[in-house]
Amino acid sequence: MTTTMISSFFNSNHINSKALNCVLWNAPKISSPPPNLFSSTKRRRLQQIRKKKALDQATGGDMVSTLISSTAVDQKTTLPVELTALVTVRKSLKLSIQGMMLHWFGNHDHFTRHEEKEQCLVLQLVSTETEAESMKPKLSNEAILDWSKDLNLNLILGAEKSSYEVKFEVDPKFGMPGAITVSNKYEEELYLDSINIEGVVHIACNSWIQPDKDSSEKRIFFSTKAYLRDETPAGLKELREMELRQLRGDGTGLRLPSDRIYDYDTYNDIGNPDAGIEYIRSTLGGNYTHPHPRRCRTGRPPTNTDDNMESPENEYKRIYVPRDEEFEEAKQGALDVGKLKGILRHIIPTLTIIASRDSNVFKGYADINFLYSTDMSLPKILNKVQEFLKFDPPKLISGIKSCCLTDEEFGRQAIAGTNPMSIQRLTVFPPVSKLDPSIYGPQESALKEEHIIGHLNGMSIQQALEENKLFVLDYHDIFLPYLDQINALDDRRAYGTRTILFLTSLGTLKPVSIELSFPPTNSDSPSKQVLTPPVDATTNWLWQIGKAHVSSNDACAHQLIHHWLRTHACMEPLIIAAHRQLSVMHPIYKLLNPHMRYTLKINALARQFLINAGGVIESNFTAGKYCMEMSCAAYRDWWRFDLESLPADLLRRGMAVPDSTQVHGIRLVIEDYPYATDGLLIWSAIETLVRTYVNYYYPDASAVNFDTELQAWYSESINLGHADLRHASWWPKLSTPDDLTSILTTIIWLTSAQHAALNNGQYPYGGYVPTRSPHMRRLLPEEHDPEYTTFMQDPQKYFLSSFPSLLEATKYMAAIDIISAHSPDEEYIGDRKDLSTWSADTVIIEAFYRFSMEMRRIEKEIERRNTDSNLRNRCGAGVSPYELLMPSSEPGVTCRGVPNSISI
C-alpha cells in the first residue's frame, strides 16, 4: 500500500489514527508514486471528490469513476479521458544478470530485436459496467509498456522493483475500473508487482507473467475489492468465470513450468521402480490400504515399469507446481544456502572417518560435541568458512553436557517441546490396546499397579486418575503393526512404547514407567517388558536407553502424523480447491490467500526429497521404508477434520475438560501447558477475526447456502481432495455463518500456529541427536544376550552405539536445520500486505487492526509467562522458555515466529 493510497483511504473513510498504525505496522516499504505522476488538475479534482460527503464510503474505483465523468463535464467534451497508472515490475535475477551483461558490454542488439518484434506489455482496463448493446464489458484502449527504450538500470540489474507510467484512454461513461488484463509480448517471464491507477485504485498482482503462447492470451487481474459471486458487477462476470476455467484446466496433458493449472492426483510419485526393487512404493490415496489426501497434479509421464506410477523428478529438475506457487528468489536463495551448508557440514565428519579409518559411531561425548565446535583446527585459509562447517549448538539444549535427558526435561518436552500433541490424559489403568487381539495378541498392558504406585506421592492409582494426575505417551498401537518389518531393516531396532507420567504438585511431569512391546511370537521370550525409574547404575542405563526409544517413537510420530499428515498433507486439498472454485475476487479467497502461500511448493519438494523412497524421512526415522504407510494408517483410522481445532484436539486427548465459565469453553487439566495456554490465545484471536469477517459478508444462513463458489470449494475439498474419507459422517456441515467461522478458523489455525509449533523447533530440540534420536540401532540388552556383557563393561559405549551413526546424524541435523529456518521474505501472523482490498470496508480494516494489535499483546504475554517463576515448564534454572508460538521472528533458526502459512 503506497503512502498516497493510505492518505486517500483515511481521508475518505474517517478512520482514526489507530487504524493507520494497523496499516503501517509491518507493512511493506513501497515508495509512493512520483509527485508529478498525476497532473495538478487531476490532483485538485481528486481532492474535491474526497470532500464530497456522498463519497465518504466510496472505493478508490468509485473515485476514479467520478473523476472520469467530472473531467469530461469540466472539459465539455465527449472525447476519451486519459487515466495515468503506475505499473511496478521486476525481472528474475537470472534474466537481470543477463540484461546487465548486455547493457555494460554494449550489446544493444538484444533490445533492438525486442523492438523489431514489438515486445512489450499490453495492458487494458476493464469496467465493472457493460456496453448497453453488446452486453460486453467496457474496455479502455490498449496501453503499451515498453521499457527497452528506457534501458532502466534498476530493472536490468534486478536490484529493486521498477515503476513505469502508462496512459489509458477511456470513454467518459466508462464507469469504475474493475479489472485489468495483461499480455506479455516479451520473450521472458516478468514479475508484475502492482498497478496503481490515479493513486487511488491499487491492484496487487504479485505474479509472474508468462510470454504469450498466442496473440490472444491474457492474464486477468481484478481490482482489490472483494465480491461474492452473486454480487459481481456485470462487467466482471465473464472474466470471473474465465479465470476459474483457466485455473482448473481440462484435466489432461503434461504440465509446463509456466502453467497455472490446479488439479488433483494421488501420491503415485514417491516411488522409483526404475531405480530398483528396493525403491518401489505403493500409491498413496485411492485405496483402503493406503488412503491419503490428494496432491497437486503434475501430469508427468508414467515410469517405464508401472503405468500407474509417475516418473519421479530428479533433484536437478524443478517439480511442477502452478507458476504462482513457486518460491520468490529470496526464499529460494535462503533454501539454497541451507543446502550448501548441509553439504559442507558433512565434509568434516566424512574426512575424519576416512583419515582415522575408524568406525562410523559415536564413541564418546567429545565426538558429538565436536560437531558444534568452533575450534576445528582448520588451516587459516579455511577459517572464514568455519561457520559453514560447524553446526550451531541447538538453542534449547546447549547447556546439556551429557547424552541423557533428565526425567524432568523428558516430561517437560511432552508439553513444551516440538511435539506437544501426543500426550493424553490417562483415564484407565492399565492402558488397553485397540488393535485386533487375534493378530496382535492380548490387548492388556504389562503395566501393573506395583510398577507405579511408589512414584505417586502417596496417592492410589484410582485417586490419581480421578484427580487428573496420570498421563500417557502411547505409541503402542501406532508402531506394533509395523515392528516386524521395521526390525528386519538394517540398523533399525524399535519397540511400541507406552510411557506413564505423573503430574507433580509443582505442575511438572515425571515419567514413572515405560512399557516396551513387540508383536507376540511363538518363542519363550516375553513380548512386553516394563522399566521403572532406576535404583542403581545398571537400571539407570537401562532407563536411559528406554527413554531414548520413547523419544525415537515420539520423533517418528511427530514427523509422520502431527507434522506431515495433519498440516502439510491434509491442508493441500483445501488449498487446491480454493484456487479451483473460489475466484480471486471472492472474500473467502482473499481471507485465506496469505495462509496458502508456498504450501503447494513445499509439499512438492517434500515428495521430491523428504517423503520419497530413500529420501530424508525414510533414511532417518524409525519406520524407514514404511514411514508413509504408517502415516496413511493414521489418516484412515484416526484423522478427523472436525477434531482438528485446538479446543477439540485438547478435549479429544483429555488434556482439557468442558467448562462454560472459561473464555474458550474448556479448562486445561495441566495449568502450565505452554503449547496449549499460548495456543489458545492465538486460537481465540483468529476466531474473533474470522467471526467478524464472516458475519460481514454472510449475515444469515441463506447467504452461506446460496454462495455456489463457497459450497463448491468445500464440497470439492472433501469429495476430490479427501476422496478416501468423503463418506465419513464426521465432516462438519457448511450451512450457517457459525459453520463457516469454525471451518475457516480451523484452517487458519492449522496453517499458521499449529504448523509453527510443530515445525520451527525441530533443530533447536532435535539437533542434539542423542536427546531426540530419529531412530535407534539397538534394543535393550537382555541378560541372556551376548551383548549384555558388552553393555555391562561399557554402558556408555553401548548407549551411544544405539544412536544413528556419525554420518547419519550429520545428514539428519543438516536437514532439520534447513526446515527449522525462516526465510527473509517470511510473512508472519498479523501481517497482511493486501489491506487495500477492504479500503472502503471499515469494519474489516478495524478487525484486522485489532487482530494485529492482539498478536502484539500475545507476544508480550508470552514474554511475561516465560519469566514467571511459578510456571516451571517454561521458567527456571536451565529451563528453556517456550517461544514457538511467539508471533514474530527474525530470519533463520530462531525457535519462534508464527508464519501465516505452511511455507517450510
Side-chain angles (χ1 to χ4, degrees), residues 92 94 189 207-208 210 247 249 251-275 279-286 292-340 342 564-565 567-573 575-576 579-580 596-619 627-628 631 721 815 818-819 823 901-904:
S92 68
K94 179 180 72 174
E189 66 177 5
S207 296
W208 289 97
Q210 302 300 318
L247 294 176
T252 63
L254 301 180
R255 297 286 181 263
L256 301 176
S258 59
D259 285 344
R260 298 174 55 240
I261 298 173
Y262 296 79
D263 204 353
Y264 302 94
D265 207 344
T266 58
Y267 277 65
N268 61 352
D269 63 341
I270 62 173
N272 188 6
D274 295 339
Y279 293 102
I280 294 176
R281 298 292 182 271
S282 300
T283 294
L284 309 183
H292 198 274
R294 298 305 191 261
R295 63 169 174 90
C296 189
R297 181 176 182 269
T298 60
R300 291 198 302 275
T303 64
N304 293 331
T305 56
D306 189 342
D307 290 341
N308 294 319
M309 288 287 199
E310 278 191 6
S311 56
E313 297 285 11
N314 65 59
E315 60 181 305
Y316 305 106
K317 187 175 181 181
R318 188 171 75 186
I319 191 170
Y320 171 80
V321 291
R323 184 62 182 92
D324 293 342
E325 306 299 322
E326 287 286 350
F327 290 158
E328 288 294 321
E329 287 172 340
K331 173 81 169 180
Q332 187 62 55
L335 196 61
D336 291 342
V337 169
K339 290 179 182 178
L340 176 61
W564 165 255
L565 175 65
T567 61
H568 286 264
C570 287
M571 289 298 100
E572 181 163 357
I575 293 171
I576 297 171
H579 287 287
R580 287 168 51 85
M596 303 189 291
R597 185 177 186 238
Y598 289 158
T599 302
L600 299 189
K601 177 64 174 181
I602 206 67
N603 283 4
L605 289 176
R607 300 198 310 275
Q608 193 172 11
F609 298 109
L610 300 182
I611 67 171
N612 59 307
V616 171
I617 301 298
E618 288 191 1
S619 299
C627 279
M628 293 312 296
S631 182
I818 292 172
I819 62 179
S823 65
S901 63
I902 303 168
S903 57
I904 191 63

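In what follows, every heavy atom counts, from backbone to side chain, and hydrogens, waters and symmetry copies are set aside.
- Within the 3.5 Å criterion, the main-chain N or O of G614 finds a donor-acceptor partner in the side chain of S619.
- Between the NE2 atom of H568 and the CG atom of L600 there is a distance of 12.0 Å, given to the nearest 0.5 Å.
- Judged purely by distance below 3.5 Å, without hydrogens or angles, the side chains of N612 and Q608 never pair a donor atom with an acceptor atom.
- With a 4.5 Å cut-off on side-chain heavy atoms, I261 and Y320 count as touching.
- Between H579 and Y262, the angle of the ring planes stays under 30°, which puts this pair in the parallel group of the 30/60° scheme.
- By the 4.5 Å heavy-atom criterion applied to side chains, Q332 and E329 are not counted as neighbours.
- Using a 4.5 Å cut-off on side-chain heavy atoms (C-beta onward), R580 and Y264 make contact.
- Two residues are said to be in side-chain contact when any heavy atoms from C-beta on lie closer than 4.5 Å; D265 and R294 fail this criterion.
- Atom-to-atom distance recorded for F327:CZ and S903:OG is 8.0 Å, nearest 0.5 angstrom.
- Counting only distance, with no hydrogens or angles, the side chain of S207 and the backbone of D324 share no donor-acceptor pair below 3.5 Å.
- Not a single side chain to side chain donor-acceptor pair (under 3.5 Å) links R297 to another residue, sequence neighbours left out.
- Counting heavy atoms from C-beta on, the side chains of V321 and N603 never come closer than 4.5 Å.
- Pairs of residues two or more places apart, or lying in two chains, that qualify as salt bridge (Lys or Arg N to Asp or Glu O under 4.0 Å) and include a residue from residues 604-618 are D269-R607, R281-E618.
- Contact check for N272 versus D274: side-chain heavy atoms found under the 4.5 Å cut-off.
- In this structure the side chain of E189 reaches within 4.5 angstrom of the side chain of R323, judged on heavy atoms.
- Within the 4.5 Å cutoff, the side chain of I602 has no heavy atoms near those of the E572 side chain.
- Nearest heavy atom pair, residue K331 against residue I904, reads NZ-CB, 4.0 Å.
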